[in-house]
Amino acid sequence: VLAGLTLVAMVVLRWPMVWVVPGLGAVAVALATWRLSRRSAR
Amino acid sequence: MSWLLNPAFTAPDWLGLFGHFLLLSLLAIGGAIATAPDMHRYVVEERAWLTDAQFTDSIALAQAAPGPNVLFVAVIGYNAAGLAGMAVTMLGIMLPSTTLTLAVARYGHRRQGSLPVRAFTAGMAPLTIGLVLATGWLLTEPTRDSPVAWALVAVTVLAMTWTKVSPMWLIGLGALVGATGWI
C-alpha cells in the first residue's frame with residue numbers, strides 16, 4: 001500500500017519528494033515500529 | 001550553450017540547481033536513481049532546462065556506460081548547464097549523503113538489532129519500491145505510445161526476473177531496436 005501511495009504521489013499528483021519522503025516515511029516508520037514492538041511483546 | 005557553462009544561467013539558477021540536488025541527496029533513499037522523478041519535475045517541468053527526451057537519454061546513457069549509477073546526475077548537469085553544471089549537480093548530490101553516511105554508518109551498525117534502526121529500514125523499503133517504480137514510469141515517457149517499446153520492457157522484466165541472462169545482452173537488444181528505428 002505504501003509503495004502504491006508513493007507511486008501515486010510521485011507520478012499522478014507530481015508532489016515534490018520533499019513532501020513525499022518525510023510524510024509517507026514518517027507514517028511507514030511509525031507503522032513498522034508498532035508492528036515490531038507488538039511482535040516483540042508477544 | 002557552451003560546453004563549459006550555460007551563459008543563460010543566472011546566479012539564482014546556479015543556487016537553485018545546487019540547492020535542489022543538495023536537498024535530493026538527503027531524500028535519496030534507495031539510491032540516486034530513486035530521485036529521478038523529482039529531478040525531472042525540477043529540470044524539465046519547472047525550469048525547462050532539458051526536454052523529456054534529453055532527460056531520458058541522459059539516464060539511459062549513464063546507465064548503459066560502466067561505472068556507478070549516480071553518474072546519470074553528472075550527465076543531467078552537463079546537458080543542463082555544461083561542465084560547471086556537472087560539477088554543481090555532482091557536488092550537490094554527493095556532499096550531504098556522503099557526510100551523513102560517514103556520520104551515521106557506525107551508529108547504525110552498532111545498533112543494527114535495535115527497534116528504531118529495524119523500524120527505519122523496514123518502513124523505508126516500501127517507499128523505495130514506490131520511488132523506483134515511479135522512476136521506471138517516468139523513463140517510459142518519450143516512447144509510451146510505441147507497442148515495440150512496451151514489448152521490450154516486458155521482455156526485459158521477464159528476462160531479468162526468470163533467467164540469469166546478463167543485462168548487457170538486453171542493453172544490446174535495446175540499442176539494436178533503437179538503431180533499426182523500430183522505436
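Quick caveat, the model's predicted, so the values are computed rather than measured. Residue numbers begin at 1 in each chain, while the letters A, B, ... track the order of the sequences.
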So what's closer than 4.5 Å to chain A heavy atoms on [X]: side chain, backbone, both or neither?
{"X": "B:L23", "answer": "side chain"}
{"X": "B:A34", "answer": "backbone"}
{"X": "B:L27", "answer": "both"}
{"X": "B:L24", "answer": "side chain"}

Are [X] and [Y] grouped together when hydrophobic residues (ILVMFWY) are joined by side-chain heavy atoms under 4.5 angstrom apart?
{"X": "B:L138", "Y": "B:V132", "answer": "no"}
{"X": "B:L15", "Y": "B:L26", "answer": "no"}
{"X": "B:V177", "Y": "B:L61", "answer": "no"}
{"X": "B:F72", "Y": "B:L131", "answer": "yes"}
{"X": "B:L71", "Y": "B:V75", "answer": "no"}

Margin query: If the contact rule is any heavy atom under 4.5 Å from chain A, which residues of residues 89-96 of chain B qualify, in numerical order?
Written below: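 Interface residues of residues 89-96 of chain B: none, nothing closer than 4.5 Å to chain A.
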Notebook entry, point to check: For B:W150, does the CH2 atom sit with more than 12 other heavy atoms under 6.0 Å from it, leaving out its own atoms?
Noted result: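 Counting neighbours around CH2 of B:W150, more than 12 heavy atoms of other residues, nucleotides or ligands fall under 6.0 Å, so yes.
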Margin query: Rounded to the nearest 0.5 Å, what separates atom CD1 in B:I129 from atom CG in A:L2?
Written below: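 One finds 10.0 Å between CD1 of B:I129 and CG of A:L2.
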Checklist line | Partner chain B: residue of A:P16, A:A28, A:G4, A:A9 with the largest heavy-atom pair count (under 4.5 Å) | finding: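 Top option by heavy-atom pairs under 4.5 Å: A:P16.
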Checklist line | Among A:V1, A:V27, A:L24, residue most engaged with chain B (heavy-atom pairs, under 4.5 Å) | finding: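 Max contact count across the listed options: A:L24.
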Margin query: Using heavy-atom distances under 4.5 Å, tell me whether A:L31 contacts chain B through its side chain, its backbone, both, or neither.
Written below: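 For A:L31, neither part sits under 4.5 Å from chain B.
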Margin query: What part of A:M10 gets within 4.5 angstrom of chain B, counting heavy atoms only: side chain, backbone, both, or neither?
Written below: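 Contact with chain B: side chain only.
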Margin query: Quick check: closest heavy atoms across B:A119 and A:A32, and the distance to 0.1 Å?
Written below: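 Here B:A119 and A:A32 meet closest at O-CB, 3.4 Å.
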Present all donor-acceptor pairs from chain B to chain A with distances below 3.5 Å, rounded to 0.1 Å.
residue, atom, partner, partner atom, Å
B:D38, OD1, A:M17, N, 2.6
B:E45, OE2, A:R14, NH1, 2.3

